[in-house]
Amino acid sequence: MSDAVLKALAAVLESRKGADPDSSYVAKLYDKGLDSILKKIGEEATETVMAAKDGVPDKIVYEVADLWFHTMVLLAQQGLGPDDVLKELERRFGLSGLEEKASRTCQ
């Protein structure tokens, strides 16, 4: 997925913040609040795990797309966006996973 798609999706998610909950799935999620968004992310994470266990590539991609989408809804709801996550990934790039994890436990 290119960052252009992420930015375009982020813009759509942002525009749904003021939409009528009856007119938009995303607006309905925003209206229900953080707990509903988190519940949806949990459901999608579980479905991703189950798809991976099934080992069917198309199912894995489909479920990861749902997980990413709902995670982006959370980011938007929190006033964040994909650029924030991409910057963090860029910061971590080239670090060993063990080094990165150790830096988090020291904070």
note = Scanning both residues in full, the closest heavy-atom pair of R16 with S24 reads CD-OG, 3.2 Å
task = Search all heavy atoms of A10 against all heavy atoms of M72 and return the closest pair with its distance.
result = N-CE, 3.9 Å
request  = Rounded to the nearest 0.5 Å, what's the gap from CD on E90 to CG on D83? Could you check?
outcome  = 10.5 Å
Non-hydrogen side-chain atoms of L75 and D84 separated by less than 4.5 Å = no
Y30 versus E14, closest heavy-atom pair with distance = OH-N, 4.4 Å
task = Measure the CG-OG1 distance between L80 and T71 for me, rounded to the nearest 0.5 Å.
result = 12.5 Å
key: Approximate separation, where rounding is to 0.5 Å, of D66 CG and T48 OG1   = 7.5 Å
ask   = Roughly how far apart are M50 CE and K59 NZ, rounded to 0.5 Å?
value = 7.5 Å
request  = Determine the minimum heavy-atom distance between L67 and E44, stating which atoms define it.
outcome  = CA-CB, 3.8 Å
remark   = Residues H70 and I37: closest non-hydrogen pair is O-CG2, 4.2 Å
ask   = What about V26 and L34, same hydrophobic cluster or not, with Ile/Leu/Val/Met/Phe/Trp/Tyr joined at side-chain heavy-atom distances under 4.5 Å?
value = yes
query = Is it true that atom OH of Y25 has more than 12 heavy atoms of other residues, nucleotides or ligands lying nearer than 6.0 Å?
reply = yes
query = Is it true that F69 and L38 fall in one hydrophobic cluster, defined by side-chain heavy atoms closer than 4.5 Å?
reply = yes
task = First locate atom CD1 of I41, then atom CH2 of W68, and finally report the distance between them rounded to the nearest 0.5 Å.
result = 14.5 Å
R92 side, atom CZ; K87 side, atom NZ - distance, nearest 0.5 Å = 15.5 Å
inquiry  = Is it the case that over 12 heavy atoms from other parts of the model lie below 6.0 angstrom from the NZ atom of K17?
reply    = yes
Residue pair A27 / D20: nearest heavy atoms and the distance that separates them = CB-O, 3.8 Å
query = Tell me, do L86 and L6 make a side-chain contact under 4.5 Å, heavy atoms counted?
reply = yes
